[in-house]
Amino acid sequence: MIKDLVRQGNNILIKDPAAKNLLTAIFFYPSTRVQLYHRIAHKLYKRKRYTISWIISQRARRITGIEIHPGAKLGKNLFIDHGMGVVIGETAEIGNNVTMYHGVTLGGIGGEKGRKRHPTVEDDVIIGAGAKILGPITIGRGAKIGANSVVLDDVPPYTTAVGAPARIIKNRRSGYIYVV
């Protein structure tokens with residue numbers, strides 16, 4: 001657990017120019033705190049200890065302003081900058097090295113119980129402040145989602161999506177800009 005906290009603190013030092021030292025990153029960034037709570041809640045959730053997992057996740061929400069359902073799957077080096085107002089749903093999956101800013105929602109749009117209702121965010125994605133990513137869609141590796149975008153369809157790898165509803169404006173691999 002200590003190794004993981006140090007890894008998360010170092011990740012914050014790399015991704016946030018305002019972070020001054022490791023101790024501050026570990027103890028005062030809500031991203032680190034909520035992920036520690038989530039790890040405990042998620043383990044209990046997988047063991048079908050739903051009530052205690054919810055109690056832990058709601059405590060984390062009150063302390064950090066970040067709501068992560070205990071069933072959500074989080075990858076390594078997730079950085080939630082500022083964090084207030086972030087909501088991550090039950091069947092959401094987040095890959096490694098993802099950065100998201102305040103007010104982001106990884107939400108569902110209904111669906112049947114027991115089925116995937118929330119987004120999958122692959123590795124190395126950046127999600128801007130206030131973005132809403134809704135439904136069982138996939139945000140491809142290395143994609144960027146602009147601030148306040150509303151994403152309702154899959155976003156291909158290494159592309160940038162902006163707007164409400166979101167549209168692809170740039171593919172970083174090919175270098176050309178296009179609008180869907």
Side-chain angles (χ1 to χ4, degrees), residues 1-45 53 55-90 92-107 118-133 138-151 155 157-162 166 169-170 172-173:
M1 186 164 87
I2 292 172
K3 283 183 184 179
D4 188 58
L5 286 172
V6 171
R7 183 182 47 76
Q8 285 184 40
N10 284 324
N11 183 49
I12 290 169
L13 289 172
I14 291 166
K15 291 183 177 179
D16 187 357
K20 302 300 183 211
N21 61 57
L22 186 61
L23 290 177
T24 301
I26 291 172
F27 291 109
F28 298 108
Y29 272 70
S31 179
T32 305
R33 294 174 120 195
V34 77
Q35 288 180 70
L36 178 62
Y37 277 105
H38 178 74
R39 178 175 305 120
I40 297 163
H42 185 68
K43 285 180 182 179
L44 291 166
Y45 186 84
S53 69
I55 290 169
I56 292 167
S57 82
Q58 290 305 300
R59 177 165 173 72
R61 176 181 176 228
R62 281 191 303 279
I63 291 169
T64 65
I66 301 169
E67 182 173 346
I68 304 175
H69 190 286
K73 297 176 184 170
L74 308 182
K76 291 183 179 178
N77 294 331
L78 169 63
F79 177 45
I80 304 171
D81 198 6
H82 301 290
M84 187 60 71
V86 169
V87 178
I88 300 173
E90 177 183 20
E93 298 177 43
I94 300 174
N96 299 324
N97 303 311
V98 171
T99 300
M100 63 176 65
Y101 294 89
H102 60 280
V104 169
T105 298
L106 301 181
H118 301 89
T120 298
V121 178
E122 294 181 349
D123 298 345
D124 305 314
V125 171
I126 297 173
I127 304 172
K132 308 303 177 216
I133 303 173
T138 300
I139 307 301
R141 180 185 184 105
K144 292 182 181 180
I145 307 299
N148 294 314
S149 296
V150 178
V151 184
V155 175
Y158 303 102
T159 58
T160 300
V162 298
I169 61 162
K170 185 174 182 181
R172 290 187 286 151
R173 286 278 165 106

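The first residue of the sequence shown is numbered 1, and numbering continues consecutively from there.
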Do you know which two heavy atoms are closest between [X] and [Y], and how far apart they sit?
X	Y	result
Ser149	Gly146	OG-O, 2.9 Å
Tyr101	Val104	O-CG2, 3.0 Å
Asp124	Arg141	OD2-NH2, 3.1 Å
Phe27	Arg33	O-NE, 3.7 Å
Val162	Ile169	CG2-CG2, 3.6 Å
Val155	Ala161	CG2-CB, 4.2 Å

Indicate yes or no for a side-chain donor-acceptor contact from [X] to the backbone of [Y] under 3.5 Å, with no hydrogens or angles considered.
X	Y	answer
Thr64	Ile66	yes
Asn11	Asn77	yes
His102	Gly83	no
Lys43	Ser53	no
His38	Ala72	yes
His82	Met84	no

inquiry  = Show every salt bridge (charged side-chain N to carboxylate O under 4.0 Å, His left out) that has at least one partner inside residues 69-83, sequence neighbours left out.
reply    =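 Applying salt bridge (charged side-chain N to carboxylate O under 4.0 Å, His left out) to every pair that reaches into residues 69-83, excluding sequence neighbours, yields nothing.
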
key: Sequence neighbours excluded, every pair satisfying salt bridge (charged side-chain N to carboxylate O under 4.0 Å, His left out) that has a member inside residues 92-103   =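 Residue pairs passing salt bridge (charged side-chain N to carboxylate O under 4.0 Å, His left out), neighbours aside: Glu93-Lys116.
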
Pairwise distance [atom1]([X]) to [atom2]([Y]) - rounded to 0.5 angstrom:
X	Y	atom1	atom2	result
Thr32	Tyr37	OG1	OH	13.0 Å
Arg61	Glu67	CZ	CD	4.5 Å
Ser31	Leu78	OG	CG	5.5 Å
Ile145	Thr160	CD1	OG1	8.0 Å
Asn21	Phe28	CG	CZ	9.5 Å
Leu74	Gln35	CG	CD	6.0 Å

query = For Ala19, what residues pass the side-chain contact (heavy atoms from CB on, under 4.5 Å) criterion, not counting sequence neighbours?
reply = Ile12, Leu13, Asp16, Tyr29

Leu106, Val151, Thr120 screened by side chain to side chain contact (heavy atoms under 4.5 Å, CB included) with Ile139, the one that passes =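 Of Leu106, Val151, Thr120, side chain to side chain contact (heavy atoms under 4.5 Å, CB included) with Ile139 is met by Val151 alone.
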
ask   = Do the side-chain N and O atoms of Asn97 and Asp123 include a donor-acceptor pair separated by under 3.5 angstrom?
value =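 Judged by distance alone, the side chains do not pair up.
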
key: Min side-chain heavy-atom separation Ile94-Met100 under 4.5 Å   = yes

Worked verdict on Gln8 versus Leu36 for side chain to side chain contact (heavy atoms under 4.5 Å, CB included) = CA-CA 10 Å; Gln8 285 184 40; Leu36 178 62; over 6 Å; no

